[in-house]
Amino acid sequence: MAPVAVLSQSSLARGAGACSAFSSRRAPQRALRRAQLARVRAEAEVDKAAAGGEVENPESEAARKKAEADRLRAAEKFMVVGTGEASCKGCGYEYLPSRGDPEYPVAPGVPFQKLPEDWQCPTCGAEKKLFVSKQRQVAGFAENQGYGLGTNGLTEEQKSLLIFGSLGFFFVLFLLGYALP
């Protein structure tokens, strides 16, 4: 018969406390090792997928795709275009290129960015740097604006007007086809 060890309650409590303290110190190390192992496995799966093999763990593939999509979303930069209009922070005067400024002799059609540096607000005399230039965001990425038939530089509203306007035009043209003898 094998000898049986008899432990007192205090030694059991000490042992349990020491064990839990030891394991609590090791828990972050285990989590770190698990994370490193998962990273190595994911890299191996990516390498295998790039080599033409199938991915073993679809969850890590989905996580990798989600991480890549998040990275690309963070890199998105939409094109912002100045409208040529600006408003004074001091008095609220709005410079409109269609009107120009007859007091300074600025012809109509000159955008705010092309005004001379010594130009001042006609209402309160504020300097040009105290104006807030109005801008609009163009639909699409800034790097893609050079492609296409020139519609990449249009705003969302302008594109909608172009699409639905042309649909309306062709619908009317279609209806006029019935009027022909």
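Because the structure is a prediction, the values reported are computed rather than measured.
- With respect to Glu68 and Arg71, a salt bridge is recorded, a charged nitrogen being found less than 4.0 Å from a carboxylate O.
- Hydrophobic clustering places Phe131 together with Val110 (ILVMFWY residues linked when any side-chain heavy atoms are closer than 4.5 Å, directly or through intermediates).
- Looking at heavy atoms from C-beta onward, Tyr104 lies out of side-chain contact with Gln120 at the 4.5 angstrom threshold.
- Atom CD of Glu127 has 12 or fewer neighbouring heavy atoms from other residues, nucleotides or ligands inside a 6.0 Å radius.
- Leu96 contributes atom CG, which lies 10.0 Å from atom OG of Ser87 (distance to the nearest 0.5 angstrom).
- By the 4.5 Å heavy-atom criterion applied to side chains, Phe171 and Leu167 are not counted as neighbours.
- Across all non-hydrogen atoms, the minimal contact from Cys88 to Ala126 is SG-CB, 4.0 Å.
- In this structure, Lys66 NZ and Ser60 OG are separated by 14.5 Å, a value rounded to the nearest 0.5 Å.
- Heavy-atom minimum distance, Lys128 versus Pro116: CD-O, 3.8 Å.
- When all heavy atoms of Cys91 and Thr123 are compared, the pair lying nearest together is SG-CB, 3.7 Å.
- Contact annotation: the side chain of Tyr93 approaches that of Pro122 to within less than 4.5 Å [non-hydrogen atoms, C-beta and beyond].
- Across Ala86 and Ser133, no two heavy atoms sit closer than the pair CB-CA, 4.0 Å.
- A cation-pi arrangement is absent between Lys134 and Tyr95 under the rule of less than 6.0 angstrom and at most 45 degrees off the ring axis.
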